Undergrad: 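Structure provided below as C-alpha cells; questions to follow.
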Amino acid sequence: MKKILATILACLSVSAQSLDVSNLVHTSQGIVDTFDSGIQRVSALQTLSDQGLIAPDSVVDDSKLTYEQAKAYNDALQMTTQAVYTMTANEFVDEQVDQAKMELNTAVSAFVGASEVLIKAVVVNDMAVETEESGDAVQAQEIQSFIANNDVEITDTHVDAYNDSLDAVEETAQTFAAFVAVQNDEGLVQDMQAEVDMMGDDFMNAYDASFDSSTGYASLSFHTTNVVMMYSLEGAFVSAADVLGAGREGEFYQTGPTADDCFYCEEY
C-alpha cells in the first residue's frame, strides 16, 4: 500500500492524555444514587402522610448528600474539563474497523431476511427434482400442499430487496476489508501517525473515513483543517475467481440452504 497524498494546511498543538472518565463516572453515579434515594423517601413521605402515617425521625438521613461527595464530583468535573483527549492512528483505524464490521453484519442480516422467499424456492426445487426422478404422484401432491400452505411466490418487491441486499453486502464488505487492510499494514499506520504528528493535529479530529472501490482509495478528513489524506489499497484487491473460491469454503455458504441438505429439512 502506498500513501499518495497528504496536504498540510494547519499546525495545531495537542497535548497527549488518554481517554479516562472513570472518576467522573464513579463520582456522578454516587450523586445519582443518593438523589434517587432522596426521591424515593420524599415519595414515601408524601404518600404516607396523605394516609395519616408518620415516618420515624432521621428516615431521610441516608439520602442526604455529603460535602465529600460534592467535592469529589466537582473535582472530577474540573479534571474532565481541563483534560485534552487524543487518539492515535492505531486507535482511529481500530475504531473504523469495528464500525465497518457492524455495518457489514447489519447488511448480512438484511440479506438473510431478503432471502427467506428464496429459501422456500430451494425447498420447492428439491421437492420437484425428487418428484421428477421418482414419478410419484404422492410427492407431486406434497408439492401442491407446500405451495398452498406457504407464501412461495417471488414478487418484484422480493427481487428488488434481494438484489439491493447483495449490493449492500458487497459495499460494506469492501469498506470493512479496506480498513482491515490498513489495520494490518503497520508501516502505513505508522506513516499516518507521523504525518498527523507533523501537522500538530490529532486523530480525534479525523472524520469521514471512507473507501471508494471504483478508485481503490481510502481517505479521511480532519475537522480542524481542510486536510484530506488518501491511500491506495490496490494491493488488497482480489479477483472474482478468488471471491468464488473463498465463498465455497466459507462457513456461511457451507451451512446455508443450497449447500447444507439439513438446513431446511426440519423446518419444512
Side-chain angles (χ1 to χ4, degrees), residues 1 93-185 209-218 233-268:
M1 301 175 193
V93 172
D94 290 348
E95 184 178 88
Q96 302 310 308
V97 168
D98 290 342
Q99 180 177 341
K101 178 62 174 178
M102 288 189 293
E103 292 175 356
L104 172 58
N105 289 341
T106 299
V108 171
S109 295
F111 169 79
V112 172
S115 300
E116 181 179 356
V117 69
L118 299 185
I119 293 174
K120 295 176 182 177
V122 175
V123 179
V124 170
N125 173 257
D126 285 345
M127 297 175 71
V129 169
E130 290 180 2
T131 299
E132 183 180 49
E133 292 176 349
S134 68
D136 189 343
V138 173
Q139 288 184 328
Q141 290 177 336
E142 290 177 354
I143 296 177
Q144 293 176 328
S145 176
F146 181 81
I147 294 173
N149 295 323
N150 294 274
D151 186 9
V152 296
E153 290 189 359
I154 300 176
T155 67
D156 289 349
T157 300
H158 290 136
V159 172
D160 292 339
Y162 175 77
N163 291 341
D164 289 346
S165 71
L166 276 174
D167 288 336
V169 171
E170 178 181 287
E171 181 179 351
T172 55
Q174 288 172 326
T175 299
F176 174 56
F179 292 149
V180 171
V182 173
Q183 185 183 51
N184 290 340
D185 190 332
S210 60
F211 176 68
D212 186 347
S213 60
S214 64
T215 64
Y217 291 116
L233 302 180
E234 182 179 356
F237 278 84
V238 296
S239 68
D242 292 330
V243 173
L244 294 177
R248 295 189 190 98
E249 299 299 323
E251 182 182 3
F252 187 80
Y253 175 74
Q254 291 293 331
T255 58
T258 59
D260 184 359
D261 291 338
C262 292
F263 178 88
Y264 52 81
C265 56
E266 291 185 5
E267 183 176 356
Y268 295 110

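Keep in mind the model is a prediction, meaning the values are calculated, not measured. By convention here, the first residue in the shown sequence is residue 1.
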Undergrad: Once rounded to the nearest 0.5 Å, what's the spacing between atom CD of Gln99 and atom CZ of Phe179?
TA: 8.0 Å

Undergrad: What are the two closest non-hydrogen atoms of Thr131 and Ile143, and how far apart are they?
TA: OG1-CD1, 3.4 Å

Undergrad: Indicate whether any N or O donor in one side chain lies under 3.5 Å from an N or O acceptor in the other, for Thr157 and Asp160.
TA: no

Undergrad: How close do Thr255 and Phe252 get, heavy atom to heavy atom, and via which atoms?
TA: OG1-O, 3.7 Å

Undergrad: Taking atom CG as the centre, does Asp242 end up with more than 12 heavy-atom neighbours from other residues, nucleotides or ligands that are less than 6.0 angstrom away?
TA: yes

Undergrad: What do you reckon, are the aromatic ring centroids of Phe111 and Tyr162 less than 6.0 Å apart?
TA: yes

Undergrad: In terms of side-chain heavy atoms, does Gln254 have a donor or acceptor partner in Asp260 at a distance below 3.5 Å?
TA: no

Undergrad: Using every non-hydrogen atom in the two residues, find where Arg248 and Tyr253 come nearest and quote the distance to one decimal.
TA: O-CD2, 3.5 Å

Undergrad: Measure across Ser165 and Ala114 and return the closest heavy-atom pair with its distance rounded to 0.1 Å.
TA: OG-CB, 3.9 Å

Undergrad: Is a side-chain donor-acceptor pair under 3.5 Å present for Ser145 with Asn149?
TA: yes

Undergrad: State, to 0.1 Å, how close Pro257 and Val122 come at their nearest heavy-atom pair, and which atoms those are.
TA: O-CG1, 3.5 Å

Undergrad: When rounded to the nearest 0.5 angstrom, what distance separates CD in Glu170 from OG1 in Thr175?
TA: 10.5 Å

Undergrad: Once you round to the nearest 0.5 Å, how far does CZ of Phe176 lie from CD of Gln96?
TA: 12.5 Å

Undergrad: Can you name the nearest heavy-atom pair linking Val169 to Ala107, along with the distance?
TA: CG2-O, 3.5 Å

Undergrad: Keeping Asp212 on the side-chain end and Ser214 on the backbone end, is there a donor-acceptor pair under 3.5 Å?
TA: yes

Undergrad: Return the CD to CD distance between Gln139 and Glu133, rounded to the nearest 0.5 Å.
TA: 9.5 Å

Undergrad: So do Asp151 and Val117 actually touch side chain to side chain, heavy atoms under 4.5 Å?
TA: no

Undergrad: How far does CZ of Phe211 sit from OG1 of Thr172, to the nearest 0.5 angstrom?
TA: 12.5 Å

Undergrad: Using atom types as modelled and distance alone, determine if a side-chain donor or acceptor of Asn125 lies under 3.5 Å from a backbone N or O of Ala121.
TA: no

Undergrad: With the side chain counted from C-beta on, respond yes when Ser115 and Val112 share a heavy-atom pair under 4.5 Å apart, and no when they do not.
TA: no

Undergrad: Just verifying a value: how many Å separate Gln174 CD and Leu104 CG, rounded to the nearest 0.5 Å?
TA: 11.0 Å

